[in-house]
Q: 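Structure incoming, see below.
The shown structure was predicted, so the numbers you read here are calculated from the model rather than taken from an experiment.
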Amino acid sequence: MPWPKKGAKGGGAARRGAGPGGLDMQVIVVAVVASLFVAAVATAADWVWASQLLRHKVLYGVVHGAGLCGAMGLALGAAHRRPFTGLAGGLIAGVLAAASYYGFVFIPGFRRYAILAAWAVLWILFGYLEGPFLRGAKVGGAIARGVVAAAASGAAFYYVTAVNWLGWNPQRIDYVEHFWRWGVAFLPGFIALLVTVSVQVRRTGGR
């Protein structure tokens, strides 16, 4: 399936295929494909952690975050026909989000929520990337999209995907399960960033 083309201001991913009113279903498919791609990258990263028996270090965490977010940025950039811009922005967002995690860890009593808070930071950063940089949108609207993406994807992450870390055992990992749980976590965020609703206004009275 071809990625949607850019519109006049680079916002084609959220416009092409939309009818006179309603959701752009083609962009839903793009969001699903992007989620599956990033889920595959995340699952591969889990395999690296497990197969190499890596201990958690700040450097490894930052590299992991940058690589994962680079894949997210690449997917968003490809949706707007600007893959390299998306990749670069994703790498920067990944480093910042990973760094925020280690900042949240040091907040007294907040350690258990640090990963969820960093997840929210990640999506807000991607809202900014997808808006002004890829779609030419205003900053306020882009941040609002990022907040919606953080809330929706954060809920999916908390209730579905966080289980990937519960009882982490490198010798006994179900990678198929990891894959679909990651896909569920990423999908709401991509939908929130990419999909718009077109509204048809009908005039009456001959006007």
Side-chain angles (χ1 to χ4, degrees), residues 1-7 9-45 65 67-91 93-94 97 116 119-137 141-162 164 176-199:
M1 187 202 76
W3 292 95
K5 296 179 180 179
K6 288 195 297 181
K9 293 184 179 181
R15 296 190 182 98
R16 184 183 175 189
L23 287 174
D24 181 347
M25 296 308 298
Q26 184 175 359
V27 177
I28 295 285
V29 175
V30 172
V32 171
V33 172
S35 299
L36 294 177
F37 167 68
V38 180
V41 174
T43 304
L68 182 60
C69 292
M72 293 173 65
L74 180 63
L76 278 177
H80 292 287
R81 301 285 183 174
R82 302 182 65 186
F84 295 111
T85 300
L87 175 61
L91 290 172
L116 189 61
W119 185 261
V121 169
L122 180 154
W123 283 106
I124 292 172
L125 290 171
F126 271 97
Y128 186 75
L129 170 64
E130 193 276 338
F133 285 93
L134 295 176
R135 190 162 44 88
I143 297 299
R145 275 180 178 267
V147 171
V148 172
S153 188
F157 181 88
Y158 182 80
Y159 289 108
V160 178
T161 312
N164 283 357
V176 173
E177 183 179 21
H178 273 229
F179 173 75
W180 77 259
R181 289 184 185 278
W182 277 121
V184 169
F186 287 113
L187 182 58
F190 278 118
I191 289 177
L193 295 186
L194 291 173
V195 173
T196 59
V197 178
S198 59
V199 180

Q: Before giving the answer on side chain to side chain contact (heavy atoms under 4.5 Å, CB included), spell out for Trp182 and Val38 the whole-Å C-alpha distance, their side-chain angles and the decisive distance to 0.1 Å.
A: CA-CA 8 Å; Trp182 277 121; Val38 180; over 6 Å; no
Q: Atom CZ of residue position Phe179 - does it have more than 12 heavy atoms of other residues, nucleotides or ligands inside 6.0 Å?
A: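 More than 12 heavy atoms, drawn from other residues, nucleotides or ligands, come within 6.0 Å of this atom.
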Q: Looking only at heavy atoms, which two atoms of Gly86 and Leu129 are closest? And how far apart?
A: O-CD2, 3.9 Å
Q: Kindly state each residue pair satisfying side chain to side chain donor-acceptor pair (under 3.5 Å) with at least one member in residues 147-157, sequence neighbours excluded.
A: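 Checked against side chain to side chain donor-acceptor pair (under 3.5 Å) - neighbours excluded - the pairs reaching residues 147-157 are Trp119-Ser153, Trp123-Ser153.
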Q: Between Ala39 and Gly183, what is the shortest heavy-atom contact and its length?
A: CB-N, 3.5 Å
Q: Taking Arg145 for its side chain and Leu193 for its backbone only, find out whether a donor-acceptor pair lies under 3.5 Å.
A: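 Checking the backbone N and O of Leu193 against the side chain of Arg145, a donor-acceptor pair under 3.5 Å is found.
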Q: Between Val30 and Phe190, does a side chain to side chain contact (heavy atoms under 4.5 Å, CB included) hold up when you go through it step by step?
A: CA-CA 9 Å; Val30 172; Phe190 278 118; over 6 Å; no
Q: Looking at every non-hydrogen atom in both residues, tell me the closest pair between Leu194 and Glu130 and how far apart they are.
A: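 Looking at all heavy atoms of both residues, the closest pair is CD2-OE2, 4.3 Å.
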Q: If you take all heavy atoms of Cys69 and Gly90, which pair is closest and at what distance?
A: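 Distance-wise, the nearest heavy atoms are CB-O, 3.1 Å.
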Q: For Phe37, check ring-ring contact (aromatic ring centres under 6.0 Å, His included) against everything at least two apart and list the hits.
A: none
Q: Might you point out which heavy atoms bring Pro132 and Gly127 nearest each other, and give the distance in Å?
A: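 Closest pair (atom of Pro132, atom of Gly127, distance): CD-O, 4.3 Å.
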Q: Restricting to non-hydrogen atoms, name the atom on Leu125 and the atom on Ala93 that form the minimum distance, rounded to 0.1 Å.
A: CD1-O, 3.7 Å
Q: The test is side chain to side chain contact (heavy atoms under 4.5 Å, CB included); show your working for Leu122 and Met72 and say whether it passes.
A: CA-CA 10 Å; Leu122 180 154; Met72 293 173 65; 3.3 Å; yes
Q: Could you give the distance from CG (Leu187) to CH2 (Trp180), rounded to the nearest 0.5 Å?
A: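 One gets 12.5 Å once the value is rounded to the nearest 0.5 Å.
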Q: Just by modelled atom types, is the Gly77 backbone N or O under 3.5 Å from a matching donor or acceptor in the Arg82 side chain?
A: no
Q: Any sub-3.5 Å donor-acceptor pair from Arg135's side-chain atoms to Ala142's backbone N or O?
A: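 Judged by distance alone, no pair lies under 3.5 Å.
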Q: Which distance, rounded to the nearest 0.5 Å, do you find between the CD1 of Ile143 and the CD1 of Ile124?
A: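 Answer for the CD1-CD1 pair, Ile143 versus Ile124, is 7.0 Å.
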Q: Can Phe186 and Leu68 be said to form a side chain to side chain contact (heavy atoms under 4.5 Å, CB included), step by step?
A: CA-CA 11 Å; Phe186 287 113; Leu68 182 60; 4.1 Å; yes
Q: Output all residues satisfying side-chain hydrogen bond (donor to acceptor under 3.5 Å, both in side chains) with Ser35, sequence neighbours left out; order by chain, then residue number.
A: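 Ser35 satisfies side-chain hydrogen bond (donor to acceptor under 3.5 Å, both in side chains) with no other residue.
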